[in-house]
Amino acid sequence: MESTREWAEKQDLEDPLSVFRKEFALPTGVIQLNGNSLGPLPRAVPDALDEVVRHQWGEHLIRAWSEDGWWDAPVRVGDRIGRLIGAGAGRTVVGESTSVQLFNAVTAAARLRPNRPVLVSDSTNFPTDRYLATSVARLLGLRLIETPMGELGEVLRRYRGEVGAILCGAVDFRTGELWDISRTTADIHAAGGIAVWDLSHAAGAVPLDVDAAGVDLAVGCGYKYLSGGPGAPAFLYSAARHHDTLDLPLTGWHGHARPFDMADEFVPASGIDRARTGTPHILSLLALEAALEPLEAAGVAAVRRKSLRLGDYLTRLVAEPSDASGAPGSDRGLEVVTPSAHDRRGNHITLRHARAPEVSAALMERGVVTDSRPPDLLRLCLNGLYVSHTDVFDAVATLRDVLREVSRAGEVAG
Ligand SMILES: *Cc1c(COP(=O)(O)O)cnc(C)c1O
């Protein structure tokens, strides 16, 4: 019986991914359903950082740039993330924040279509994406059209031949809705545009094949499903066909063809190296590199399969009546917002509740880490790499307790 804790425990015993949970330093008594905001600490990271700081920096000093591979780290780690998103070697670089990489990528995308006056931006995207698209439009004198992903097709038809860069979010950070990257990119190309994808909620969560999908440029976050830690550097991907013409606005010396010539003029490096900026944030970058190991070992496809199972399980539990006389989820003011179809959703499930911020805070107090997004959305991230069926069972039981209390408090308050 699914509605018993024993059933959940049995699933965990039979789960081939359960061995990966011990690769993360999850505090006891805490259920981490927030990995889409800040992934937990991989156990390998503290030792890796200790080695980098004490041994490499402390003893090798400047020699570490060559001896310890610091110089190559942005493209080396880029290749490892590339494998997780379906990018061939030499197409992904790691560095800077997602916000900075968005500026870099969207500007370069618009410059690939110099005579196109329209820049399109996904209006459901994370705010920083929207703010940066607005800034790029202002800087380059482009007309900004904001549209929800669901209406992008129509915008592309209306502005066919006028659109240059189009910035899309792969997974809606609020609802968890997943868009079809391959089909959307084909539609963008049919309109003559350049597809820039924000993969922040997709990289490491959903099997991706950016090369095969024909994606032009992509950007993604290092501290969500990649568990790189707070402030982990972001990544930028560019299809190989654009490397020679990619005119990135951030022309730092590490992107120079011959950085140690200290030349007067910027000459971009060939290949993805031109997307390097300045001196990388080595400590964060190498923490991210160490963090990738469990995900690489498990494989994104296997993690995804389990995450989907956990999501299905959670939505079924939420819909169940709480006891013989109790009401199912929909009668407790809860509504599942995330699409149920596997090919339409990322790895977090979003529930709507009028008092979501209060519910999330009460869950946190009881050791269930979720978050809320205004005005009424509660997000639960089910990363199969370290979340178990028992976690889901316990989290839903706690959610029921919290909802009972919240509704009682609501009655008292009138
Ligand atoms: C998390 C996230 C970001 C984060 O940007 P930072 O520069 O790292 O703060 C940006 N865009 C999307 C879509 C995200 O999910």
Side-chain angles (χ1 to χ4, degrees), residues 32-40 74 77-78 81 84-85 92-107 109 120-136 146-149 152 165-179 181 184 195-206 208 210 215 217-237 249-250 275 277-278 280-281 283-285 287-288 291 307 338 345-350 369-374 377 379-383:
Q32 156 72 347
L33 303 184
N34 186 235
N36 56 337
S37 199
L38 178 65
V77 183
I81 292 176
L84 298 172
I85 63 169
T92 312
V93 77
V94 179
E96 312 301 338
S97 68
T98 312
S99 298
V100 170
Q101 292 294 19
L102 283 164
F103 173 79
N104 216 13
V106 175
T107 306
V120 178
S121 167
D122 167 11
S123 63
T124 57
N125 218 337
F126 191 76
T128 207
D129 298 63
R130 299 177 60 195
Y131 303 155
L132 283 152
T134 304
S135 176
V136 172
E146 285 209 305
T147 176
M149 285 299 287
L152 178 61
I166 292 124
L167 175 60
C168 305
V171 175
D172 188 308
F173 79 103
R174 289 193 184 86
T175 64
E177 192 157 5
L178 169 69
W179 298 98
I181 295 177
T184 308
V196 186
W197 284 94
D198 190 320
L199 304 177
S200 291
H201 282 272
V206 179
L208 297 169
V210 290
V215 169
L217 290 154
V219 162
C221 180
Y223 51 78
K224 291 171 178 153
Y225 291 92
L226 302 180
S227 286
F235 65 87
L236 182 149
Y237 159 89
L250 300 178
T277 52
H281 303 95
L283 300 184
S284 297
L285 178 54
L288 169 60
S307 304
T338 309
R345 71 182 210 226
N347 280 357
H348 73 265
I349 299 287
T350 302
V369 187
T370 65
D371 67 18
S372 66
R373 287 292 176 258
L377 301 178
R379 302 191 307 175
L380 303 104
C381 175
L382 305 161
N383 189 338

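These numbers come from the heavy atoms of this one structure, side chains and all, not from hydrogens, waters or symmetry mates. Counting convention: from 1, in listed order, for ligands and their atoms alike.
When only non-hydrogen protein atoms are considered, atom 10 (C) of ligand 1 lies nearest to T128 CG2, 3.4 Å. Among protein heavy atoms, atom 1 (C) of ligand 1 sits closest to K224 NZ, 1.3 Å.
Of the options L84, I85, V93, a side chain to side chain contact (heavy atoms under 4.5 Å, CB included) to F235 is made by I85 and by none of the others.
Between S99 and ligand 1, at least one N/O pair is under 3.5 Å apart.
Looking at Q32, its side chain does come within 3.5 Å of a backbone N or O of L38 through a donor-acceptor pair. Remark: side-chain polar atoms of N347 are paired, donor with acceptor, to backbone N or O of A205 under 3.5 angstrom.
Atoms of ligand 1 found under 4.0 Å from any heavy atom of N125, numbered from 1 in the order shown, are 13 (C). Here is the list of ligand 1 atoms found below 4.0 Å of a heavy atom in H201: 15 (O). Counting atoms of ligand 1 from 1 in the listed order, those under 4.0 Å from a heavy atom of Y223 are 1 (C), 4 (C), 5 (O), 6 (P), 8 (O), 9 (O). Applying the 4.0 Å criterion to heavy atoms of S97 picks out, from ligand 1, the atoms 7 (O).
Among D129, T98, L167, the residue whose heavy atom sits closest to atom 11 (N) of ligand 1 is D129. Among N36, V100, D198, the residue whose heavy atom sits closest to atom 13 (C) of ligand 1 is D198.
Side-chain contact between L132 and V106 is absent, with no heavy atoms from C-beta onward closer than 4.5 Å. For the pair D129 and S121, the minimum side-chain heavy-atom distance is 4.5 Å or more.
Heavy-atom distances between Q101 and ligand 1 stay at or above 4.0 Å for every pair.
Every residue two or more places apart in sequence or in another chain was checked for a ring-ring contact (aromatic ring centres under 6.0 Å, His included) with F103, and none qualifies. For R174, there are no salt bridge (charged side-chain N to carboxylate O under 4.0 Å, His left out) partners, not counting sequence neighbours.
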